[in-house]
There are 2 protein chains.
Amino acid sequence: MKAGSRAVGIKDVALAAGVSATTVSHVLSDAAYARISPATRSKVRSAAEQLGYGPNRLAQALRSRRSGILGLVSEDIATTPHAGRIILGADEAARARGYTLMVINTSGTAGPGSREADVEALLERQVDGILYATMFHRVVEAPGNLAKVPAILVDAVSTGQGFASVVPDEAGGARTAVEILLHAGHTRIGFLNNTEDVPSTNGRLSGFRDALTSAGLDGGAAPVEAAASDAQGGYEAASRILRGAAPPSALFCYNDRMAMGAYRAAAELGLSIPADLSVVGFDNQELIAASLYPGLTTVALPHYGMGAWAADRLIDAVEGKPGPEPMPMLLACPPVARASVAGPRSGASAR
Amino acid sequence: MKAGSRAVGIKDVALAAGVSATTVSHVLSDAAYARISPATRSKVRSAAEQLGYGPNRLAQALRSRRSGILGLVSEDIATTPHAGRIILGADEAARARGYTLMVINTSGTAGPGSREADVEALLERQVDGILYATMFHRVVEAPGNLAKVPAILVDAVSTGQGFASVVPDEAGGARTAVEILLHAGHTRIGFLNNTEDVPSTNGRLSGFRDALTSAGLDGGAAPVEAAASDAQGGYEAASRILRGAAPPSALFCYNDRMAMGAYRAAAELGLSIPADLSVVGFDNQELIAASLYPGLTTVALPHYGMGAWAADRLIDAVEGKPGPEPMPMLLACPPVARASVAGPRSGASAR
DNA sequence: TTGAAAGCGCTAACAG
DNA sequence: CTGTTAGCGCTTTCAA
C-alpha cells in the first residue's frame, strides 16, 4: 500500500536483464543515438514488463530539465460550468502528447500579488508552460512572472504586452445566431444585450448589426435593449422590447439566462414560443438550454476547443516548434439547434 | 524568458551568503534539528531574497521522496457544473498545506484498463495520494492500482473493498427539504423522484418518508411519482401528481431540473408558485435555481466541502496522521432559501 | 553495440 | 553551530 515501499527502478531492470542501467535507459526512451541490438532490446523490454517497471517522471524531469507538466491557473474555476470543458480540452490535448495538467485556482478579484504567487507556485514545480484561463471572456492584466515560461491566455486577452491567447469569436457567434433567425424568415429581430462593458457585449452587438446589414436590413435601426445578464434582466429587457410599438417577431439574447427571462416575458404576454416569437440564446448552457420548454436554440461557446487549442500550441512552444503569435486567436461559436425557432407568424411582426 | 535559463539554486545562495549549501537548506526549510545562529539565518535569508531564489520542488521531491502533489482523477469532469466546486475545495485545502493538485479526466464509460492507465500516469508523477471523484453520487469499481498510494473517493463509494470516501447525506438533505415545507405548514407533500437506481434516488426517498413520519404524517402514503431526472421528467411527474385526486399543496423534487419541469406543469394548470403550490428542489444548481421565477428554494450539494474534506484527510494520511476510516463520510446538504415556498392556501390541498 | 562516469538541485545523516 | 559526504532515479556525453 505505502507509496515508496520499494519501487522498481531502472537499475532493477538492468540487473534482471543483465545489462547496464544506461542501456535500459536507452532502450526504454528510444534514444535517437545509441544503436542497441534487437536482442538486447527485447531482453530489456521483457524484464521491465515482468518487474512492472514504471518510470519516475520526477527523476526524468530533474535530469532532463523538462517536467512534462503544464500549469493551468484558472480564475474563478467554480463560478461557471465552463471550467470543466476548458480543463477537459486542455487535459486531452496535453495527454495526447505526454503532458499532465497541474491546476491552480485563483480569484479574479485577488490582488496582483496573490496572482503572482499562484504563478510562482507553478514555476517552483518546474512546469514547462502555463495556461492562464478566465471563466468568462475578459481582458486581464497578466501576472508579471507569467512570462518566465511559455504562456497562453484562455478566454482572455491581456492588457498591453504580447501574450498569445484564444477567445470565442463573439461577433461571429452573434452573426450565426442572427442568421438562424434570418433563414427562418424573420426580418424584425430584436437584441437583448448585456449592460457590462466586456468584449462579449460589444462583440455580440456588432455581430448582430452586421448580420442584419448583410441581409439588407437596417442593422442600425434594429431594437436593442440592455439589462443585467441574468434571467431577471432578460425578463425586463424582453418585456420592454415586446411591449413596444411593432415588436419584433424574434429575439436574439446575449446569453441563455437572459433568454430564460425572455421566455417568461413571452408567457406573460400570451406569446407562444416559437409560434408567436422565435428566440435564440448564446452560451449553450446545457442546464438551461435543454431544460427550457421548448428547448432553446443557441450558439455554443468553444470552451473545450479553447482549452485544447491552447494546450496544443503551448506544447509546440515548449518543444521549440513555432508557437502561436502573441495575439488573440478567435474560435468559432457553433449553432446548436433546438426548438425555439420557427418562421414568423404572418406579417413581419408578432402578436 | 526561457525557463531553464539559469535559475538560481541553493548553491548560488550559499556562495552569496558565504556558507555551505547545507546551511542554506537548513535555514530555508526550518529543519527541526541543526541549530543555526540568528546571524547566519538572516544572512542566508537576505541572500536568498536578493537573488530571487525559489526552490526547485522537483529536486526536493526526488530527494525527500515526497512530491507534495495530490492527483485528482475526475470522471466526466465536463458533464456537470459541479466539477469546479470539487476542484476548488480540494485546491484550497491542498494549498493551505503546501500541496498542489494534478488533475486528470477519465471517462465514466471507459473500460477498467483505461482507468488504471489514468491512475498509473499519476503514480509515475509520484503523487503522494489520489482523489478519485465522480460528478454525481454513485458507486464505482475503483481501479486496481488506486490502492498503491493513499486514496479517497469523492462523491462516490466503492464496490467491495475499503476505500475512504465522502458523499452527500442524501437522506438528510431530503429531510431538510421536506422540513422546510413542513414548517411552512404543509401536510400534503408530494415527491417527484428519479427513476434510476442510484444512491441519491433511494436516499432522498427514504429521507422524504422519514421526515413525514417524524412529523406524525403517514410517510408511506404520501404521493411519489418517478420519472427521468430532467425538466421533461419533472413536468410529466408533476402533471400526474397534480392532476390526481386531492393533489398536494407542496412538491419536493429530486433535483432542480425536475423542479423546473414542475414549474411548467404548475403554470399549465393555472397554479401560481408559491401561492398555490410550494416547491423545493435539490442540488442548488445556481443556473437554474436562481434563474427560475420565483427563485427556487432548494438544498445544496456539498461539492466544495467534499473536495476540501477529502484533500485534507488525504494529506493527513499521506503525512502519517490518522487518516479517514475506510468508509463513507456523509456531508450535510444545507438549505438554500429563495422564493418558491409559502404556506398552504387554506385547507390541506392546493387548487 | 554497450557501459562508466558525471551530474540535475536538493536533503539528511554524521562529523567536526 | 556548520560543513562533508552521499545519494534520490534518471539521462547523456564520452570512451571502449
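Remember, it's a predicted structure, so these values are computed and weren't measured experimentally. Chain identifiers are assigned alphabetically (A, B, ...) following the order of the sequence lines, protein sequences preceding nucleic acid strands; residue numbering begins at 1 within each chain.
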A.B. asks: Does B:Ser64 make a side-chain N or O approach to OP1 or OP2 of C:dT11 shorter than 4.0 Å?
C.D. replies: no
A.B. asks: Once you round it to whole Å, what is the distance between P of C:dA12 and CG of B:Leu62?
C.D. replies: 12 Å
A.B. asks: For A:Ser37 and A:Thr40, test the side chains for any donor-to-acceptor distance below 3.5 angstrom and give the result as yes or no.
C.D. replies: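 Side chains of A:Ser37 and A:Thr40: pair found under 3.5 Å.
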A.B. asks: May I have the distance from B:Leu58 (atom CG) to D:dT11 (atom C1'), rounded to whole angstrom?
C.D. replies: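 Value for this atom pair: 14 Å.
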A.B. asks: Taking atom CD as the centre, does A:Glu141 end up with more than 12 heavy-atom neighbours from other residues, nucleotides or ligands that are less than 6.0 angstrom away?
C.D. replies: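 It does not: A:Glu141 CD has 12 such atoms or fewer within range.
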A.B. asks: With hydrogens left out and only the distance checked, is there a donor-acceptor pair under 3.5 Å joining A:Ser29's side chain and the base of D:dT11?
C.D. replies: no
A.B. asks: Establish, with yes or no, whether the OP1 or OP2 oxygen of D:dT2 is under 4.0 angstrom from a side-chain nitrogen or oxygen of B:Thr40.
C.D. replies: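 So the side-chain polar atoms of B:Thr40 do come within 4.0 Å of the phosphate oxygens OP1 or OP2 of D:dT2, strictly under.
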A.B. asks: Look at the side-chain N and O atoms of A:Tyr53 and state whether any lies under 4.0 Å from the OP1 or OP2 oxygen of D:dC10.
C.D. replies: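 Yes, within the criterion.
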A.B. asks: Have a look at B:Ser37 and say if it touches a base, only the backbone sugar-phosphate, or nothing, with a 4.0 Å heavy-atom cut-off.
C.D. replies: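 Since only primed, P, OP1 and OP2 atoms lie under 4.0 Å of B:Ser37, the category is sugar-phosphate.
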A.B. asks: Nearest-Å distance, CD (B:Glu124) to P (D:dC8)?
C.D. replies: 20 Å
A.B. asks: Starting the side chain at C-beta, find the nucleotide from C:dT1, D:dT2, D:dG3 nearest to B:Val19.
C.D. replies: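 Within the option list, the nearest is D:dG3.
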A.B. asks: Grab the NE2-P distance between A:His26 and D:dG9 for me, whole Å please.
C.D. replies: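 Distance, rounded to whole Å: 20 Å.
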A.B. asks: Has the side chain of B:Thr22 got a donor or acceptor atom sitting under 3.5 Å from an opposite partner on the base of C:dA12?
C.D. replies: yes
A.B. asks: Respond yes when some side-chain nitrogen or oxygen of A:Ser25 is under 4.0 Å from OP1 or OP2 of D:dC10, and no when none is.
C.D. replies: no
A.B. asks: Taking 4.0 Å as the cut-off, does a side-chain nitrogen or oxygen of B:Gln60 come that near to OP1 or OP2 on C:dT11?
C.D. replies: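 Yes.
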A.B. asks: Expressed as a whole number of angstroms, how long is the span from B:Arg57:CZ to C:dG9:P?
C.D. replies: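 Checked: the CZ to P distance equals 17 Å.
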A.B. asks: Between the base of C:dG7 and the side chain of A:Arg63, is there any donor-acceptor pair under 3.5 Å?
C.D. replies: yes
A.B. asks: If I take atom CD1 in residue B:Ile10 and atom C1' in nucleotide C:dA12, what distance separates them, rounded to the nearest angstrom?
C.D. replies: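 These atoms are roughly 12 Å apart.
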A.B. asks: Of the nucleotides C:dC8, C:dT2, D:dT12, which one has an atom closest to the side chain of A:Arg65?
C.D. replies: C:dC8
A.B. asks: Take the protein atom CZ of B:Arg125 and the nucleotide atom P of D:dG9, then report the distance between them rounded to whole Å.
C.D. replies: 17 Å
A.B. asks: Less than 3.5 Å apart, any donor N or O on the side chain of A:Arg115 or A:Tyr132 sitting next to an acceptor on the other?
C.D. replies: yes
A.B. asks: Taking CD1 from B:Ile36 and C1' from C:dA12, how many angstroms apart are they, rounded to a whole number?
C.D. replies: 13 Å
A.B. asks: Here's a test of your reading of the structure: between B:Pro38 and B:Ala59, which maps to the more 5' nucleotide of DNA chain D?
C.D. replies: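 First, find each residue's nearest nucleotide; the 5'-ward one identifies B:Pro38.
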A.B. asks: Would you check if there is a donor-acceptor pair between the side chains of B:Ser20 and B:Thr23 at a distance under 3.5 Å?
C.D. replies: yes
A.B. asks: Are B:Arg125 and B:Ser67 close enough that a side-chain donor and a side-chain acceptor fall under 3.5 Å?
C.D. replies: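 No - no donor-acceptor pair under 3.5 Å links their side chains.
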